[in-house]
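Below you'll find the structure, written out as structure tokens, and then a few comments.
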Amino acid sequence: MPKELPKAYEPRKYEDKIYKTWEESGFFNPDNLSGEPYSIMMPPPNVTGILHLGHALENTLMDIMARYQRMNNKKTLLLPGTDHAAVATQARVEKLLIKQGIKNPRQELGRDELLKRIRKYADESKSTIIKQIKKMGTSCDWSRLAYTFDDKRSEAVNKVFVRMYKDGLIYQGHRVVNWSVKGQSTCSDDELEHKEQKTILYTFKYSKDFPIAISTTRPETKFGDTAVAVHPDDARYKKYIGKIFTVNVGAKKPLNIKIIADKAVDSEFGTGAVGVTPAHSQIDYDMYEKHKLDLVQVIGEDGCMTEGAGKEYEGLSVDKAREKFVAWLRQEKLIEAEEEITHNVGTSDRFGDTIEVLPMKQWFVAVNKEIPNKDKSLKDLMREAVASGLNGDKKKKINITPDRFNNQYYHWIDNLRDWCISRQIWWGHRIPVWYKTDGRQQTADGSNIYVGIEAPKEKYNKAVLLHAWDSKPDAAFFPWLKQKFESRGIEVLALALPNSKNPNFNDWLNEFEKIKTDEQTIVIGRSLGATLALGAATRGKRMGKLISVCTPLDNPAIPEFFKEMGKLDYKKIKNNIKECSVIHSSDDPYIEKKVSEKLSKELGVKMTIVDNAGHFAGGKYDEILDACGLWTQDEDTLDTWFSSGLWTFSTLGWPRESEDLKTYHPSSWMQMGYEILFFWMARMILFSTYALDDIPFKNVYIHGMLRSKDGKKFSKSLGNGIDPIEMSKQYGTDALRLSLILGTTPGNDSRFYEEKVEGTRNLINKLWNVARYILQTADSRQQTTDIDLKNLTVADQWILANFNTLIDKNVTSVTKFLDRYDFSLAATLLQTFTLDFFADWYLEVSKFEKSEEKEKILLYILKNLLKLWHPFVPFVTEAIWQEMGEKKFLMVENWPNNLMDYGNGDDFELIKDIITAVRNARAENKVEPVKKIKAIVYAGKQKELIKSQANIIKGLRTGIEELEVKEKGKKPDKAIFVSVGEIEIYLIGAIDEEKEKKRLKDSIERLKQLIKITESKLDDKNFVERAPEPIVNKERARLKEFKEEVKSLEEQLARNI
RNA sequence: GGGCUCAUAGCUCAGUUGGUUAGAGUGCCACGUUGACAUCGUGGAGGUCAGAGGUUCAAAUCCUCUUGAGCCCACCA
């Protein structure tokens, strides 16, 4: 039964509803699909805010692929997720907090509170992003939603870290790193942006006696110079090589400058000699290692000069220090030249400040080191995966589209240094390394360091803290200790001596005895607290461990205590307490060394002496932690790309041997912008090849960046951003999606602007109206599989043949383009077919050729066209599909692929040409559109064809009322003349003679030009001899055609109409 | 310094291994309600394919150079 749809497609009415039914259908989840697996892991958007246009583009690309594959009967997984984006998120939240008046968030809030705030922000951002992904229509499996910072992903991170550590590929090293003073954190080489800056290049000598002048843009670092490097072949300096000079430039100590030879030095630049500052330059650091130089640090983490720079400079900012030092050089007349130059300065891309290179202890991934049991490094694996296939296995080769990015990738790998992975920000995966002490001191044998997935297991499940009294040291010490235990999940009970003036020791003892202690209990007593524990043990109380800190024992200052306690019995203590530690402070006024010595002697344990143990405020209680058996986790967090690098497999359940991992890894396809090629793609390849011995994905599609209409980047600072969600609300998601991919080519930037969305909205509305018309005329429930191929009209043959070219894999079809990731070309084909073929011609024809068969064909084309459109514009196609009364979802229909022989459609092409030519001639003669005319057609061999199509020719806006078709005949007078090939058409009753003459003359002129060109081609012997036969024949045929046409046009003109 | 991309209609872009008269969308102009669609239809104007050489029978397409725009890598201190 025919059906009436609304006049215009209204996205709002359908989109959310349809997305919900898709979601509920379960088809987003590949568990409910069968077939060969196909997987795409969504590049997780950062939880730093909301979705931008780039995300919208990525969602569109991924979803097109996912829907296309799903319709091709693949068990398709599009796995969604978000990224905690360590530095980016923390920097964003800190900025917000500073705006709110919290000047130094890290200091004022502390780690836990700041993390709480960031987490809240991240969670809000995450839920917004998820909503927006759904709004984009992305068909992802929400049951597998992942987050780079959730428990499962954290487990994967720790696992990889530990394994790489054990393989020696992760190491802690004291090396120069990039340091952001503003962010108070390291950053990797890739997180640097090189910005052009104007600076002064100073050329000077360290002292009057020093033989070589050097040039630098950073004089203040020169306090850290330990060498001057020259080119080995430089005749000027050869004689100095190997000599050591001592110069005094006002630093802490006179500098010992060794003259070294290094080929890296360019003799042409400056003086041809480089002052080597190992502590504050990467390249100088390399020389330091190579030439075994000294290293002197003169700049600190605060961006100020350290004491190494000498008293005069210590504490000055680098700028101030530079001024001061330059002034000194001037005064000493050591400067030989000052010139302004522009050079590139490394800048932190997140915090925006200039990077200082500092020597620091950090964690690194060794990319050049051989992997145990493999004669390859991580770099080798990364190269192999793209070049030849991992382990030479061609099935494990990553295919990058467009392939020009291969070279960029290799080049990047060749220049890759060890990757600094530790960051001093708090938002991120804590490095899974624990120390027995609170600092980061590592003992030579490594006994102080523990690297594992979880913290080392504690022996104790309960801690009892016995305060001495309400003294200040305890007030600082115990809360700190309590937190240390609690953060490890150990229950803490505390008992404090209530009043130091009038202590009731018996009550205190009774209170303590009420607390159940056993061998899993650790008791820490300070001062009288320790004595209390010892007393309780004497009376039979059992404990796992006692740490006795600054024990007063029989301190005569408080005799009441011991009156009630009685004498300590060390034998009983040893029986009842499994383990004891004695810690005391050399400067505690209450304790004399003898006392602790006695205790340790009686208990038979070593005594530890700690400075300041009695005055804990501000102390670092490494020994106490050690005695408690508490491990302290490394304060640093991991570079965010460490966790995103695991994305393709951490999302699938790794390190568990999950079904998902077996089924969906390596993933089939991945898309990303070229700007994160190195950040992300390279790291995914690194981790996957290392941890799984497999590639992370088989195909990578690199897309370009979206720019504004004038080619600028979209950015907050320019304020030229376009909110994709706003576009979606205004024009519909389908329109947005289509506008994002039309006119784009792989790897190249494209421009985006609102008019484009408007255009695609119109196109989508057209598709809607095509359906509207068909559903008005035909009952959509009819079978469309039994089309009678024998009784096709010429228009039927034409449209069906043309539809075939959309799905034929042997031609440049939609199918073929999608297989090649040519999204824009695929959509353009569909657009052309829908508008120029189906709507403009076939639908118009169908108004004059009515039959049951016609309805079937209309429905057949519509249905299959909807399928082809669906990956691009899922909502409108599904909406129409369901309005057609289909029960099954369009999203799981089969991709059309059955080619049938419908003929070539040439006959209808001829009819089309005739119609167009007539319209054309009418327009040029300015014939009123309402004016009806008569046409006489001399059709030669095509007589029967034209006759059979008379209704169509009359119907399709030619204004022909009467159509006479003959093989040939007398040329009528006062007629507009149109020729199509050999067919002559005379339009009678509407001629404007002047205009017609002009039209004929213009046509003749144009044709004569063509004839000239073609003739000169054919006259050229070289062409005729050397060009392939078909090409030459084509030219000959054309020439013949042109000549015939000119002939008939000239005849017509000569007849004076 | 090395590498990459781009330059085609007013604007945004296609143009697959060289082979008809270089296309589309949009904008512009003229006309127009015909049984879906004014978020529309019909028709039209509009291009020395950045410039110069070269290869070839044939170049928007391949090569070289020049000019302009943009990007990536690189610590000439």
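Proteins get letters first, then strands, A, B, ... in listed order; numbering begins at 1 in each. Quick caveat: nothing in here was measured; it's all calculated off a predicted structure.
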- [ ] May I ask you to say what A:N920 touches in the nucleic acid, namely base, sugar-phosphate or nothing, with a heavy-atom cut-off under 4.0 Å?
- [x] sugar-phosphate
- [ ] Using a strict 4.0 Å threshold on nitrogen-to-oxygen distance, state whether A:E996 and A:R999 make a salt bridge.
- [x] yes
- [ ] Tell me what A:T777 touches on the nucleic acid: a base, only sugar-phosphate, or nothing, going by heavy atoms under 4.0 Å.
- [x] nothing
- [ ] List in chain and number order the residues that pass salt bridge (Lys or Arg N to Asp or Glu O under 4.0 Å) with A:D913, two or more places apart in sequence or in another chain; answer none if no residue qualifies.
- [x] none
TODO: For nucleotides 2-11 of chain B, just jot down a letter per nucleotide in 5' to 3' order: B, S or -, based on protein non-hydrogen atoms under 4.0 Å.
DONE: --SS-----S
TODO: Find the distance A:W841:CH2 to B:rU42:C1' and express it as a whole number of Å.
DONE: 10 Å
- [ ] Indicate yes or no for a side-chain donor-acceptor contact from A:T271 to the backbone of A:A213 under 3.5 Å, with no hydrogens or angles considered.
- [x] yes
Open item on the list: What is the distance, to the nearest angstrom, from the CG atom on A:D414 to the C1' atom on B:rC73?
Closed with: 12 Å
TODO: Would you mind listing every side-chain hydrogen bond (donor to acceptor under 3.5 Å, both in side chains) that reaches into residues 216-229 of chain A, with sequence neighbours excluded?
DONE: A:Y206-A:D225, A:R218-A:E220, A:R218-A:E356, A:E220-A:R322, A:K222-A:D225, A:K222-A:T277, A:D225-A:T277
Please tabulate, one pair per line, all N/O donor-acceptor pairs under 3.5 Å involving side-chain atoms of residues 1004-1015 of chain A, not counting sequence neighbours.
unit_1: A:K1008; atom_1: NZ; unit_2: A:E1050; atom_2: OE2; d: 3.1
unit_1: A:T1014; atom_1: OG1; unit_2: A:L1010; atom_2: O; d: 2.6
unit_1: A:E1015; atom_1: OE2; unit_2: A:K1043; atom_2: NZ; d: 3.1

Task: Given RNA chain B, 5'-ward residue of the pair A:D710 and A:N344, judged by closest heavy atom - done: A:D710
Open item on the list: When you measure from the side chain of A:T401 to the backbone of A:Y701, do you find a donor-acceptor pair of N or O atoms at a distance under 3.5 Å?
Closed with: no
Open item on the list: If I take atom CG in residue A:D840 and atom C1' in nucleotide B:rA36, what distance separates them, rounded to the nearest angstrom?
Closed with: 12 Å
Task: Selection: residues 922-930 of chain A, any non-hydrogen atom under 4.0 Å of RNA chain B - done: A:A923, A:P929
- [ ] Check every strand shown and say whether A:A771 touches a base, only sugar-phosphate, or nothing at a heavy-atom separation below 4.0 Å.
- [x] nothing
- [ ] Scan A:T745 against the nucleic acid and name what it touches under 4.0 Å (heavy atoms): base, sugar-phosphate only, or nothing.
- [x] sugar-phosphate
Task: Rounded distance (Å) that lies between atom C1' of B:rU34 and atom CZ of A:R957 - done: 6 Å
Open item on the list: For B:rC37, does the base pair up with any side-chain atom of A:K766 as donor and acceptor (N or O, under 3.5 Å, distance only)?
Closed with: yes
- [ ] Report yes if at least one side-chain N or O of A:R218 is closer than 4.0 Å to OP1 or OP2 of B:rA77; otherwise report no.
- [x] no
Open item on the list: Expressed as a whole number of angstroms, how long is the span from A:D266:CG to B:rC75:P?
Closed with: 15 Å
TODO: Tell me, yes or no, whether the heavy-atom count around A:K379 atom NZ, taken from other residues, nucleotides or ligands under 6.0 Å, exceeds 12.
DONE: yes
Open item on the list: So that I can compare with my own list, what are the stems of RNA chain B, taken as at least three consecutive Watson-Crick or G-U pairs with distances under 3.5 Å?
Closed with: B:1-7 with B:67-73, B:10-13 with B:23-26, B:28-32 with B:40-44, B:50-54 with B:62-66
Open item on the list: With a 4.0 Å cut-off on N to O distance, would you call A:R383 and A:D414 a salt bridge?
Closed with: yes
Task: Separation of atom NZ in A:K847 from atom P in B:rU34, rounded to whole Å - done: 11 Å
Task: 5' precedence on RNA chain B between A:I1031 and A:N415 (nearest-nucleotide basis) - done: A:I1031
TODO: Would you mind classifying the nucleic acid contact of A:R919 as base, sugar-phosphate or nothing, using non-hydrogen atoms under 4.0 angstrom?
DONE: sugar-phosphate
Open item on the list: Once you apply a heavy-atom cut-off of 4.0 Å, does A:K713 come out as touching a base, just sugar-phosphate, or nothing?
Closed with: nothing
Open item on the list: If you go through the side-chain atoms of A:E844, does one of them form a donor-acceptor pair with the base of B:rA36 closer than 3.5 Å?
Closed with: yes
Open item on the list: Classify A:L742 by what it touches in the nucleic acid, base, sugar-phosphate, or nothing, heavy-atom distance under 4.0 Å.
Closed with: nothing
Open item on the list: Between the side chains of A:K926 and A:D992, is the shortest nitrogen-to-carboxylate-oxygen separation below 4.0 Å, so that they form an ion pair?
Closed with: no
